[in-house]
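Residue numbers begin at 1 in each chain, while the letters A, B, ... track the order of the sequences.
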2 protein chains.
Amino acid sequence: MDWDRIRIFYTVAESGSFTKAGDTLGLSQSAVSRQISALEREVRAPLFHRHTRGLILTEQGELLWRAARDMTQRLEKTKAQLTETREHPSGELKVTTTVGLGSRWLAPRLGEFLDSYPDVRVEMLLTDEELDLSMRQADIAIRLRQPQQPDLIQRKLFTVHFHVYAAPSYIKRYGEPKSLEDLDNHRILSFGGTSPSYLLSVHWLGTAGRDPRNPRTPHLLVNNIAALRNAVEHGAGLAVLPDYLVEQGSTLVQTLRESEMPSLDSYLVYPEEMKTVARVQAFRDFLIQKAQRWTF
Amino acid sequence: MDWDRIRIFYTVAESGSFTKAGDTLGLSQSAVSRQISALEREVRAPLFHRHTRGLILTEQGELLWRAARDMTQRLEKTKAQLTETREHPSGELKVTTTVGLGSRWLAPRLGEFLDSYPDVRVEMLLTDEELDLSMRQADIAIRLRQPQQPDLIQRKLFTVHFHVYAAPSYIKRYGEPKSLEDLDNHRILSFGGTSPSYLLSVHWLGTAGRDPRNPRTPHLLVNNIAALRNAVEHGAGLAVLPDYLVEQGSTLVQTLRESEMPSLDSYLVYPEEMKTVARVQAFRDFLIQKAQRWTF
DNA sequence: CGTCATTCATGCGTTTTTCGCATGGTGCGG
DNA sequence: CCGCACCATGCGAAAAACGCATGAATGACG
């Protein structure tokens, strides 16, 4: 059964004549007539009483007309939803990123996003594991390494710089390291544990100025970057911290400033199939804007 | 927007691949692929994620899929109703006929019809006026004269014979009329009044054996045939009555048997546009059957 | 980890359908 | 009583759709 004939039938029923319906549909009267005839053959029932002054629905026509009306309404509603989905961001958005970036960088900015897009509900999944976007564990991610899968759209956001930090109390007690080799005489704190290896660049203190095959063993390993920062802040030792963890006016002191530090690029990542979803586009544009205006 | 593409889309969504959908629809895979592509262009949104092992609905596809599902259900329901209407009589049926035929012939038979078709509700409109079937004052009529409009389907049912009746008490008192001319010496009762002229054939007593330009004046005119019959029965005079008014074993006496009496053919009449309605067909067949088995 | 099978996209020639025009017929209104 | 507005239909043209074949991609399986 050709559904398009039902659409034509509905227009005819509404306009009350083949001629008017033809004008509405951009068809000739004969074409409309034939479509209706074909439909009547399909349902094996006359749908209109042909009068000289137009058409009157038969009993069966009335039945089909109600159906066509309901179908039209249902479709119109959906078409509106489709453009809504395309033009007005709404729905749930699962965002994943690292614990550090999420809590220190993303979370403070999310309020503004929610203000701009009140129909979007955001779920933050902060974990240092990389969730599988292809499996829809999350819709969009901020990653600290470039993704490899080709079906993932990636967009660089900003570069995270790292520096060695210490607390004034620590320096007062142990002094600043004078060189990379001098690190052997200091208490080294490090991010680590079960976290993924790509974050090991913050293990720089373990190998800097030393044979990489024989790295220093940190005096403290912790798998939470905020905890690491707090340990440094209270004078537990030296640690490589990302700059976003150190707010303006912090008491933390950068040391070994002359050394070249590792850095990581952050990427906004989402599956190619999400690129048409308005809330994803809005979130992407929002983050890009925030990343541009934000400098370390 | 081509609705038929939605039908195809729904089949694809259900089967999960263009190939399977093509088999289901009797189309090639390429044809299905192009239909979906065209639909995606129409809604300006991708509807499926193409995977090697099949298809997955996008967010927009999900929206459209729900609409297509609802539309399919709605249409299926209506198609069922259409065949129901075609094959199973139901709904309201407005029947009109004369007061006499309706009360004496039709009414006693309607119970059986209602038993056979419990979903049909019958409304009897008994009037000696001819209701306009084209204006839908009634769906179907039993008429005592052949209709003229060509858009009315007519089917002859039976012939109504008329005879002159009198009560035994009347004959005892006044004797039987010996000839048509002898009618001048009798009390003549007649159907009449505002009723339509075609029933004036029962005015036969007024002109029989006499110059038609100078008819006898009846001693009683009544516009209700049952009342006329009752008047005859109680000896008020002679009257032409249709045979269906005189049951077996009645005390009424036929007189002037040798004279040629007028008769009327009864017709079942309904608009051409009702011929496909199952309850009309059922009613028609029922009445034809009853008319055949019923002989005067 | 390589091979294989399955699936989708697309170009091309053909077939099928559909369309518009013109004509004829019909019924209601002025 | 005429005329207008409407619908049905034949016919040729146009357009859309179709099927086939091919190519590319990707997940499954040994």
Numerically ordered, the residues 21-31 of chain B set in heavy-atom contact under 4.0 Å with DNA chain C is B:Q29, B:S30

Before you tell me yes or no, could you show the steps for B:S15 and B:S17 under side-chain hydrogen bond (donor to acceptor under 3.5 Å, both in side chains), namely the whole-Å CA-CA distance, both residues' side-chain angles and the distance that decides it to 0.1 Å? CA-CA 6 Å; B:S15 60; B:S17 92; 5.2 Å; no

From CG of A:L152 across to C1' of D:dT26 the rounded distance in Å is 15 Å

Taken to the nearest whole Å, CD1/A:I36 to C1'/D:dT9 is 16 Å

#### Entry: B:R74 side chain to B:T78 side chain, donor-acceptor N/O pair below 3.5 angstrom
yes

Minimal heavy-atom distance between A:Q281 and A:R86, with the atoms involved, is OE1-O, 4.4 Å

Are OP1 or OP2 of C:dA9 and a side-chain N or O of B:R34 less than 4.0 angstrom apart? no

Q.
Measuring to OP1 and OP2 of D:dC7, would you say a side-chain N or O of A:S33 lies under 4.0 angstrom away?
A. no

Review point. Ignoring hydrogens and geometry, is there a side-chain-to-backbone donor-acceptor pair from B:S33 to B:Q29 under 3.5 Å?
Key: no

Heteroatom pairs (N/O) under 3.5 angstrom, protein to nucleotides 25-30 of chain C:
residue: C:dG27; atom: O4'; partner: A:T52; partner atom: OG1; Å: 2.5

Here the residues of residues 1-20 of chain B within 4.0 Å heavy-atom distance, strictly under, of DNA chain C are B:S17, B:F18, B:T19

note: B:E40, atom CD; C:dC8, atom P; distance rounded to Å ~ 12 Å

Closest heavy-atom pair, A:V99 versus A:D128, reported as atoms and distance to 0.1 Å, is N-OD1, 3.1 Å

Partner of A:Q73 under side chain to side chain contact (heavy atoms under 4.5 Å, CB included), picked from A:E76, A:R69, A:K77, is A:R69

Task: Derivation and outcome, side-chain hydrogen bond (donor to acceptor under 3.5 Å, both in side chains), residues B:S37 and B:R41 - done: CA-CA 6 Å; B:S37 294; B:R41 242 176 288 125; 5.1 Å; no

Between A:D4 and B:W3 the two heavy atoms that sit nearest each other are OD1-N, 2.8 Å

Practice item. Ignoring backbone atoms, establish whether B:Q35 has a side-chain N or O less than 4.0 Å from OP1 or OP2 of D:dA16. Key: no

On a heavy-atom basis, the closest approach of B:P89 and B:D119 is O-CB, 3.8 Å

Are the side chain of A:R7 and the backbone N or O of B:M1 linked by a donor-acceptor pair below 3.5 Å? yes

| field | Check: B:E272 side chain, B:I153 main-chain N or O, donor-acceptor pair, under 3.5 Å | value | no

